[in-house]
Protein chains: 2
Amino acid sequence: MQTAIHPRRHAAHCSNCAMRHLCMPEGLTPEETEKVEDVISATRAVRRGEALFRTGDPFDSLYAIRSGSIKSVVSRDGGREQVTGLYLGGDALGLDGIGENRHMSTAIALEDSSVCIVPYARFERVCRETSSIQRRLHQMMSREIIRETNQLTTLGTLRADERVARLLLDLSARYTRRGYAAAEFTLRMTRDDIGSYLGITLETVSRTLSRFQQRGLIDAHGKLIRIRDFDGLRAV
Amino acid sequence: MQTAIHPRRHAAHCSNCAMRHLCMPEGLTPEETEKVEDVISATRAVRRGEALFRTGDPFDSLYAIRSGSIKSVVSRDGGREQVTGLYLGGDALGLDGIGENRHMSTAIALEDSSVCIVPYARFERVCRETSSIQRRLHQMMSREIIRETNQLTTLGTLRADERVARLLLDLSARYTRRGYAAAEFTLRMTRDDIGSYLGITLETVSRTLSRFQQRGLIDAHGKLIRIRDFDGLRAV
DNA sequence: CGTTACGTTGATTCCTATCAATACGAGTGG
DNA sequence: CCACTCGTATTGATAGGAATCAACGTAACG
């Protein structure tokens, strides 16, 4: 697979990026956004199935998704792997690499995607100069912690159908904030990935979606999902 | 319950704190450690069962454990709650509060404990002045992300006995780094807490420990655990 | 248009939750 | 000092949910 890296002068800037309100510039002034922009060295295209980075790779950049979607996976002893995160446009990847100076997970594109490359050393320097940008980085890291805490409660307390319902509602909310329809979207992950993400098997995912459909909660045609009864899903 | 807060001049300093090599000063020079020290406004005693902070409390400080141990819990709809973290001496608490300016979990002492209070605004300022301290904060946050990712794989892929074994080995490793015996320690959590942390019921925890004992892997007398066969536990 | 990855559905097994009863143990007060 | 009590822990019986094993559709891609 071929990776296309575009130097910054060819890359779109934050100021005209569709994701700017969800991405690193969130809450920053235009001047501060420009400082963030100056850190971004390039964009990179990642094709479906390709890895943006892998466990053990030296860490030197964070990534922000411009378009597409990316899953993070960690391999466990014995080839088995677990999906630990699902990232959409505007989301930041690679925060887990800071602690050990190497990436602690593998990031794989779920569809052809594009990311901004944020060299970490330069970003840290900018954070020291501008407290609002510093605060924004800390906020992003903290929110990643909160996201994982949430996922822990999903895996720790919910039954299979509750987990699937929660995922659908979560995706709906996230797509809504990105300007897409709340009720209709395409699952980018396979049933296997979804099961791994939710701590259940792919068969259980499939059966659960079928049951939701029978009960009139959703329409599901393969990866295309239409939510027909939000309250019903919340009450699962 | 009465909370004792001691202003800094009465508090021990990092330089003579037993936890300094695991705590915030990890990897910092004595001069840098002193800058961290200057941020710490006070220490606080937290009695067994008492909350250091609760979900929804305004966030203004991080905490570092001087002695004792603390669990973090999040309440889910319907009064049910899940243990999401277990923190020992030197560990930092409260990182999940940065993102939303209020605490997103409740921290409850598992035994009489003592923490250093680290006012966040001041700490951020010091991070802007000293890059090594900045890097240390980022490292702590990143490691919290990694810790949760790990816990996600535990809840997502392991069977009950594997989860319990992993917890025992994890605690052993953490106590070892704190200078305690690797093979013998006291579980500070009840069976209920352990079950919640591991996503299983308290009965399963109890049964699993009994089975481990029958197989000669451990000695368990209530909360006191002695590991007799590390490799056996790893192979569960 | 065939090959391959992905998805659905069924039958069965097994692990863990649930329900229930009992034992233990630390702290309290008579 | 001992009885009492409440929170905690152990153990058993049973039920249920999800995993596993298996077969068959279905869709995507070269």
Side-chain angles (χ1 to χ4, degrees), chain A residues 1 47-50 71 78 80-83 108-112 154-168 186-215 218-225 236, chain B residues 1 47-50 71 78 80-83 108-112 154-168 186-215 218-225 236:
Chain A
M1 258 180 242
R47 298 248 285 284
R48 183 172 188 270
E50 191 190 348
K71 69 176 173 181
R80 209 174 171 184
E81 55 182 33
Q82 156 110 2
V83 175
I108 294 184
L110 294 166
E111 59 188 309
D112 292 354
T154 296
L155 299 192
T157 66
L158 301 189
R159 287 192 322 260
D161 53 350
E162 296 173 317
R163 299 185 195 191
V164 175
R166 194 188 259 210
L167 172 64
L168 296 180
T186 304
L187 292 171
R188 297 301 176 172
M189 295 195 288
T190 64
R191 300 291 191 261
D192 200 14
D193 280 337
I194 295 171
S196 172
Y197 184 53
L198 298 177
I200 56 184
T201 59
L202 65 96
E203 292 96 330
T204 298
V205 174
S206 184
R207 272 187 253 271
T208 303
L209 290 173
S210 299
R211 230 175 298 127
F212 283 176
Q213 181 149 19
Q214 281 163 18
R215 288 165 51 185
I218 64 170
D219 279 338
H221 294 90
K223 291 194 166 60
L224 184 66
I225 300 285
V236 160
Chain B
M1 256 179 242
R47 299 247 285 284
R48 182 171 188 273
E50 190 190 349
K71 69 175 174 182
R80 209 174 171 185
E81 54 183 36
Q82 156 111 2
V83 175
I108 295 184
L110 294 167
E111 60 189 309
D112 291 355
T154 296
L155 299 192
T157 66
L158 300 188
R159 288 191 321 257
D161 54 350
E162 296 173 317
R163 298 184 196 192
V164 175
R166 195 188 258 209
L167 172 65
L168 297 181
T186 304
L187 291 172
R188 297 300 177 171
M189 295 196 288
T190 65
R191 300 290 189 262
D192 199 14
D193 280 338
I194 295 171
S196 171
Y197 184 53
L198 297 178
I200 56 184
T201 59
L202 66 96
E203 292 95 330
T204 299
V205 174
S206 184
R207 271 187 254 271
T208 302
L209 290 173
S210 298
R211 230 175 299 126
F212 283 176
Q213 182 149 18
Q214 280 163 18
R215 287 164 52 184
I218 64 170
D219 279 338
H221 295 89
K223 290 194 166 63
L224 183 66
I225 300 286
V236 160

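In this text the structure is predicted, and so the values were computed from the model without any measurement. We use all heavy atoms of the structure for the numbers below, so side chains are in, but hydrogens, waters and symmetry mates are not. First the proteins, then the strands, lettered A, B, ... as listed; each starts at 1.
Atom-to-atom, CG of Asp161(A) to C1' of dG16(D) comes out at 13 Å; the value is rounded to the nearest Å. Going from atom CG of Leu224(A) over to atom P of dT8(C) covers 12 Å, rounded to whole Å. The CG-P distance, from Leu209(B) to dT16(C), rounds to 14 Å in whole Å. When the C1' atom of dT10(D) is taken as reference, atom CD1 of Ile218(B) falls 14 Å away, rounded to whole Å. Rounded to an integer number of Å, the gap from CZ of Arg188(B) to P of dG7(D) is 21 Å. Whole-Å rounding puts the Leu198(A) CG to dA18(D) C1' distance at 14 Å. Distance CG (Leu110(A)) to C1' (dC6(C)): 15 Å, rounded to an integer number of Å.
Among the nucleotides dC19(C), dT16(C), dT9(C), the one closest to the side chain of Glu203(A) is dT9(C). Each of dA9(D), dT16(C), dA18(D) was ranked by its minimum atom distance to the side chain of Arg159(A); first place goes to dA18(D). Taking every side-chain heavy atom of Arg207(A) into account, dA11(C) is the closest of dA11(C), dG12(D), dA17(C).
Residues Ala160(A) and Thr204(A) share a closest heavy-atom pair of CB-CG2, 3.6 Å.
One finds no side-chain N or O of Lys223(B) lying less than 4.0 angstrom from the OP1 or OP2 phosphate oxygen of dT8(D). At dA17(C), one or more side-chain N or O atoms of Thr204(B) fall inside 4.0 Å of OP1 or OP2 (strictly under the cut-off). Remark: Ser206(B) is not in phosphate contact with dA9(D), judged by side-chain N or O atoms under 4.0 Å from OP1 or OP2.
Proximity of a side-chain donor or acceptor of Ser196(B) to a complementary backbone N or O of Asp192(B) within less than 3.5 Å is not detected.
Look at Arg211(B) and Asp161(B) and you find no salt bridge, because none of the NZ, NE, NH1 or NH2 atoms lies under 4.0 Å from a carboxylate O.
Note on Ile200(A): only backbone sugar-phosphate atoms sit closer than 4.0 angstrom, heavy atoms only; bases stay farther off. Across all strands shown, Ser210(A) has heavy atoms under 4.0 Å from sugar-phosphate atoms exclusively, and none from any base.
Side chains of Gln82(A) and Leu155(A) form a contact here, defined as non-hydrogen atoms less than 4.5 Å apart. In this structure, Ile108(A) and Glu50(A) have side chains that are not in contact, with every pair of non-hydrogen atoms separated by 4.5 Å or more.
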